[in-house]
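Just so we're on the same page: letters track the sequence lines, and every chain starts at 1. Here the structure is a predicted model, which means the values were calculated and not measured.
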Number of protein chains: 2
Amino acid sequence: MFDFDKLDKLIHEKSRLAIMTLLAARSEWRFQDLKSETGMSDGNLVTHLRTLFKAGYVSITKEMEKRPQTKYALTESGRTAFENYLEILEQIVNSSKKPETD
Amino acid sequence: MFDFDKLDKLIHEKSRLAIMTLLAARSEWRFQDLKSETGMSDGNLVTHLRTLFKAGYVSITKEMEKRPQTKYALTESGRTAFENYLEILEQIVNSSKKPETD
DNA sequence: TCACTTTACTTTGTATCGCAAAGTTAGTGC
DNA sequence: GCACTAACTTTGCGATACAAAGTAAAGTGA
C-alpha cells in the first residue's frame with residue numbers, strides 16, 4: 001500500500017490542486033487570470049493562495065503597472081512538493097489499473 | 001484545464017481514497033483487515049464506509065462465522081466512479097509531466 | 001452461569017476548513 | 001472629488017474528519 005499520509009494535504013484539495021496545476025503549467029499568473037480560470041471568488045482564491053504561500057509553495061510579486069497587479073508563481077519548493085504529490089498519484093493510478101492478483 | 005469539479009469529492013479524500021484503493025485491489029475485505037491496513041479508528045473507518053455505502057460505491061455483507069463479521073466490497077457503480085476518478089488523476093499527472101509551452 | 005472479550009457500530013464533542021458575501025484599502029482616470 | 005478596479009480582510013455558516021467513549025450482541029473460558 002501507499003503511504004496515503006504522504007499525500008500533501010495542502011495540495012490534495014480540489015481548489016488548491018487546480019491552482020497548483022495552473023501554476024505548474026505556466027511560469028507566472030496574475031490574480032485576475034487565476035480567478036477567471038478557476039471561477040473562484042476573490043476571498044476564496046486569495047485564501048488558498050495565502051495558504052500555499054505560507055507553505056512556501058508559491059511566491060507573490062506585487063507590481064504597479066497601471067492598476068495594482070499581483071503575480072503568483074511556484075517556488076522551487078512548491079514545484080518539488082507538487083512533483084512528489086504527482087508521483088503518489090501516479091502510483092495510485094498505475095497500481096489500480098493493473099490490480100494485483102490476490 | 002480539467003474540470004476539477006468532476007473530482008468525486010467522496011473519493012477525493014485521503015482516507016476514503018485509501019479505502020477505495022484497497023477495495024479495488026481485492027474482491028472482499030473484512031472490517032478488521034481494513035482497520036489494520038488503514039490504521040483508522042473503528043468509528044472513523046465505519047463512518048467512511050457508510051459514506052461510501054450511501055453513495056452506492058460499497059456493498060456490505062454481514063456474516064456470522066464464529067464472531068460477527070462484516071465484509072466490504074466495491075459495487076459496480078463504485079468501481080466505475082473510482083475509474084472515472086483515476087482517469088482525471090491520470091490526466092493531471094500526464095499534463096503536469098509534459099507542461100504545455102505558453 | 002457469569003465475567004470477559006471481540007466485532008461492529010453509535011454518540012458526542014472538538015477542531016478544522018471551504019466558501020460566499022460583504023466590507024476595506026489603495027491606486028487610476030476623468 | 002468620484003467612479004472604478006484590484007486585491008485583499010472579515011465574518012459567519014455549514015460541513016466534515018477524527019478521536020474517544022459508550023453500546024449491543026455474540027462467543028469463550030472458568
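Residue contacts for B/Thr47: at a heavy-atom cut-off of 4.0 Å it reaches no nucleic acid atom on any strand shown. No engagement by A/Arg30 is indicated, since no non-hydrogen atom pair under 4.0 Å with the nucleic acid exists.
Rounded to a whole Å, the CZ atom of A/Arg50 is 15 Å from the P atom of C/dC19. Regarding B/Gln69, its CD atom lies at a distance of 6 Å from the P atom of C/dA8, rounded to whole Å. What separates CG of B/Leu10 from C1' of D/dA15 is a distance of 13 Å, to the nearest Å. Taking atom CG on A/Asn44 and atom P on D/dA7, their separation rounds to 16 Å, with Å as the unit. Atom-to-atom, CD1 of B/Ile60 to C1' of C/dT7 comes out at 14 Å; the value is rounded to the nearest Å. Spacing between atom CE of B/Met40 and atom C1' of C/dT7 amounts to 18 Å, rounded to whole angstrom units. When rounded to the nearest whole Å, the span between CD of A/Glu13 and P of D/dA17 equals 11 Å. Rounded to whole Å, atom P of D/dC18 lies 9 Å from atom CG of A/Asp5.
An OP1 or OP2 oxygen of C/dC19 is reached within less than 4.0 angstrom by no side-chain nitrogen or oxygen of A/Ser41. When the side-chain nitrogen and oxygen atoms of A/Lys62 are compared with OP1 and OP2 of D/dC8, one or more of them lie within a distance under 4.0 Å. Contact annotation: B/Thr70 reaches the phosphate of C/dC9 (side-chain N/O to OP1 or OP2, under 4.0 Å). Distances shorter than 4.0 Å separate none of the side-chain N or O atoms of A/His48 from OP1 or OP2 on C/dC17. For D/dA7, neither phosphate oxygen OP1 nor OP2 lies less than 4.0 angstrom from any side-chain nitrogen or oxygen of A/Tyr72. For C/dG18, the OP1/OP2 oxygens have a side-chain nitrogen or oxygen of A/Arg16 closer than 4.0 Å.
A/Gly56 and A/Ser77 make their closest contact through O-OG, 3.5 Å (heavy atoms, listed as atom of the first residue, atom of the second, distance). Pairing each heavy atom of A/Ser96 with each of B/Leu86, the nearest pair is CB-CD1, 3.4 Å.
For A/Lys9, taking side-chain heavy atoms from C-beta onward, the closest of the listed nucleotides C/dC17, D/dA7, C/dC9 is C/dC17. Out of D/dA17, C/dC19, C/dA20, the shortest distance to the side chain of A/Ser15 is found at C/dC19. Listed candidates were C/dA8, D/dC18, D/dA7. Nearest to the side chain of A/Gln32 is D/dA7.
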Worksheet item: Would A/Phe4 and A/Ile88 satisfy side-chain contact (heavy atoms from CB on, under 4.5 Å), going step by step from the backbone distance to the final call?
Response: CA-CA 8 Å; A/Phe4 283 91; A/Ile88 303 186; 5.9 Å; no
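Counting heavy atoms from C-beta on, the side chains of A/Phe82 and A/Thr21 come closer than 4.5 Å. Residues B/Arg26 and B/Leu22 are not in side-chain contact: their nearest non-hydrogen atoms beyond the backbone lie 4.5 Å or more apart.
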